[in-house]
Amino acid sequence: WVTDALRIKASASVSVRNEEEEVFKSPFHTDFKREKDMARRGTYDVVNSKSIGYEAVLGVSYTKMVKKNYVTFNGGYNVSSTDLRSHGYSVLGFPADELNDPGFGLDYHPEKKPTGNSELSRMAGFFGNLNYTYDNRYFADFSVRADASSRFGADKRWAVFWSAGVGYNLHNEVFLKKLEWVSLLRLRASYGVTGGQNFNPYQAMTTYRFITDKWYGYGSGAEMLALGNDDLKWQSTVQKNFGLDLGMWKDRLTLTFNYYHKLSENSLTDVTLPPSLGFPSYKENLGEVVNEGWEFTLRGFVVKKEDFNIMLSVNGAQNNNKLKKISNSLKAFNEEQDKQVENKVMARYVEGQSLNTIWVVRSLGIDPANGKELFLDKNGKRTYDWNADDYVAEATTDPRLYGNLGLGIFYRGFSLNTYVNYSLGEKAYNQTLVDRVENADKHYNCDRRVLYDRWHKPGDETFFKDVKDASVTRPTSRFVQKNNYLNMTSLNVAYEFNPRLLEPLRIKYLKLAFYMTDLFRISTMKAERGLDYPFARTFTTSLQIRF
């Protein structure tokens, strides 16, 4: 603290984090059902990690008000460092369920070597932020950062990012103050360039890996793990935003709307090298991705009294992305994907298309005459042969509208809050029908549709192919379906007791609460959940008491 207007502040922090992960699989686990050698049944995997990080900031702030002008400045310098180290091992062969300590294992897993990892990254930078307001009607902001990170090439460590924004508080104009029902009306616009560094700490460096399973007369050898690039620079995103804030009837009803456009440049990708150079790829700044969309939040009080409130809210958004430029490595990736297509939709990267495109071969359905799937090739001709060259961009998983609905009820000490998320206009590939019906193994327990809903004889009009056809079902438009859904994600009910009723018991605060997640889900597409990302329905009851 220097003066009332000028302040200098310094801070520092240190964080230490230890993690231990242990996974024991019994010798009677289904993973070992085909293993006859008891000495290879049962595993114990251990991974331990420790990270140490520190951050220091030296900042200065200045505020000044002259008549209707108000200026604020914040600036400073910061440094940070993160050091992560981890190691792990796997033990094999356990005689029983109860003997689940690594010491009971017969040997280290022969196919899993001990692992070790070390990641060290550092960053330093300068920052500044200037805010100006005139008469609480017009305001402008400008910020700038200059950062250097060890995660990028030695010649491109530094990068400068900035943003600027302006706004207009229309509700403070004389002609709008006459409209008593308008409590807030603000227009906003901003433009800026941001960067990110959530990448491998050694992505710009040439790294090697020791060949520990072979020993030469003079020691162990090494092979190149990654080819460095001293010119690797920060990935940047150019962002534009236009917004509106509206409040009515003393903010009993509020609306926030934003339109944005984001262009990600210098995206980090792997560049494929000719085999003659002796290394398959290296990191380079190639690729551009555009994200464009809008979002809104509408919130209102149906009832607003001193001891009784009912609030409803809805927010929605739409986002569309498009690949503007891709590297030759991504083109090679597409070719490799097409060569090894299985029964799942594969990711493909094509300029002018969305990152979330569903790539499939067009299907005309199952031929009632023979139970085979009939396709359309890229020239529009009918064929029974599936070919990756006939891929089309059938749809995207981007919904036309998605968001949340909220309800809040508050009556004296009682409160109820619930949230429902929704998605409209979304398409998805129904992998459940592929795995559990059409490609299911009929020799084991399976869905009844495997035997009853598939084609059996000429003339059958079915969605699924011949029951005797055991071939793999490759990506086809037959399984692209609408995925509109409504999902009640949470319910929170609580009651806070009146403090006056608690005084005889010498209790200062008492609150009972019940919380539940994933109450129900309604969807136009029936599919298994929790296969890619686990979900769970939870019930929580809590009691908070203070004496």
Side-chain angles (χ1 to χ4, degrees), residues 17-51 84-120 199-203 205-227 270 272-273 275 278-283 329 332-333 335-347 431 434-435 439-441 443-444 472 530-534:
R17 182 173 181 176
N18 293 301
E19 294 185 7
E20 296 182 4
E21 180 180 342
E22 300 180 3
V23 178
F24 173 71
K25 290 187 177 180
S26 161
F28 306 109
H29 193 280
T30 54
D31 282 0
F32 311 110
K33 63 182 179 180
R34 300 182 186 276
E35 181 59 62
K36 297 181 180 180
D37 186 358
M38 291 301 296
R40 294 181 59 86
R41 295 171 69 99
T43 57
Y44 197 107
D45 296 300
V46 178
V47 177
N48 295 320
S49 63
K50 180 179 181 180
S51 65
L84 171 65
R85 299 178 187 273
S86 64
H87 65 273
Y89 61 90
S90 180
V91 180
L92 179 70
F94 288 83
D97 279 337
E98 298 81 6
L99 305 179
N100 54 11
D101 185 87
F104 291 106
L106 298 179
D107 203 350
Y108 288 109
H109 201 300
E111 300 170 6
K112 296 182 180 180
K113 296 180 180 180
T115 60
N117 184 46
S118 176
E119 296 182 2
L120 175 63
F199 305 102
N200 188 323
Y202 307 126
Q203 62 183 355
M205 302 180 184
T206 299
T207 54
Y208 297 85
R209 174 173 52 199
F210 284 101
I211 306 174
T212 57
D213 57 349
K214 295 181 181 179
W215 191 264
Y216 301 92
Y218 54 84
S220 60
E223 60 181 350
M224 186 177 290
L225 185 62
L227 185 64
D270 292 316
T272 303
L273 296 176
F279 202 76
S281 65
Y282 75 105
K283 285 286 186 182
S329 178
F333 173 83
E335 296 175 359
E336 289 299 317
Q337 290 280 74
D338 294 346
K339 292 178 183 177
Q340 51 189 359
V341 175
E342 297 180 353
N343 67 331
K344 300 181 184 296
V345 172
M346 312 293 279
Q431 194 65 42
V434 178
D435 295 339
N439 287 165
D441 192 334
H443 299 91
Y444 296 93
V472 174
L531 301 180
D532 298 321
Y533 187 83

So, the side chain of T115 versus the backbone of G88: is there a donor-acceptor pair under 3.5 Å, distance only?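 Yes, the answer is positive, given that a donor and an acceptor are paired below the 3.5 Å cut-off.
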
Considering non-hydrogen atoms only, spot the tightest contact between [X] and [Y] and give its length.
| X | Y | answer |
| --- | --- | --- |
| E21 | N48 | N-OD1, 4.5 Å |
| D97 | F28 | OD1-CD1, 3.7 Å |
| L92 | A39 | CG-O, 4.0 Å |
| P102 | V91 | O-CG1, 3.9 Å |
| V434 | N343 | CG1-O, 3.8 Å |

Going by the rule side-chain hydrogen bond (donor to acceptor under 3.5 Å, both in side chains), which residues pair with K112 if we only count those two or more places apart in sequence or in a different chain?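 For K112 there are no side-chain hydrogen bond (donor to acceptor under 3.5 Å, both in side chains) partners, ignoring immediate neighbours.
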
Are there over 12 heavy-atom neighbours, none belonging to F24, within less than 6.0 Å of that residue's CZ?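 Yes - once you tally the heavy atoms of other residues, nucleotides and ligands closer than 6.0 Å, there are more than 12.
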
Please determine whether a side-chain nitrogen of the Lys or Arg among K25 and D45 lies less than 4.0 Å from a carboxylate oxygen of the Asp or Glu.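 No.
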
Kindly compute the distance separating [atom1] ([X]) from [atom2] ([Y]), expressed to the nearest 0.5 Å.
| X | Y | atom1 | atom2 | answer |
| --- | --- | --- | --- | --- |
| H29 | F94 | NE2 | CZ | 13.5 Å |
| L106 | R41 | CG | CZ | 13.0 Å |
| D107 | S90 | CG | OG | 10.5 Å |
| N18 | S49 | CG | OG | 7.5 Å |

E19 vs R17, side chain to side chain contact (heavy atoms under 4.5 Å, CB included): CA-CA, chis, key distance, verdict: CA-CA 7 Å; E19 294 185 7; R17 182 173 181 176; 2.7 Å; yes

Is R40 close to P110 at the side-chain level, that is, under 4.5 Å between some pair of heavy atoms?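 When only atoms from C-beta onward are counted, R40 and P110 do touch, with a gap below 4.5 Å.
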
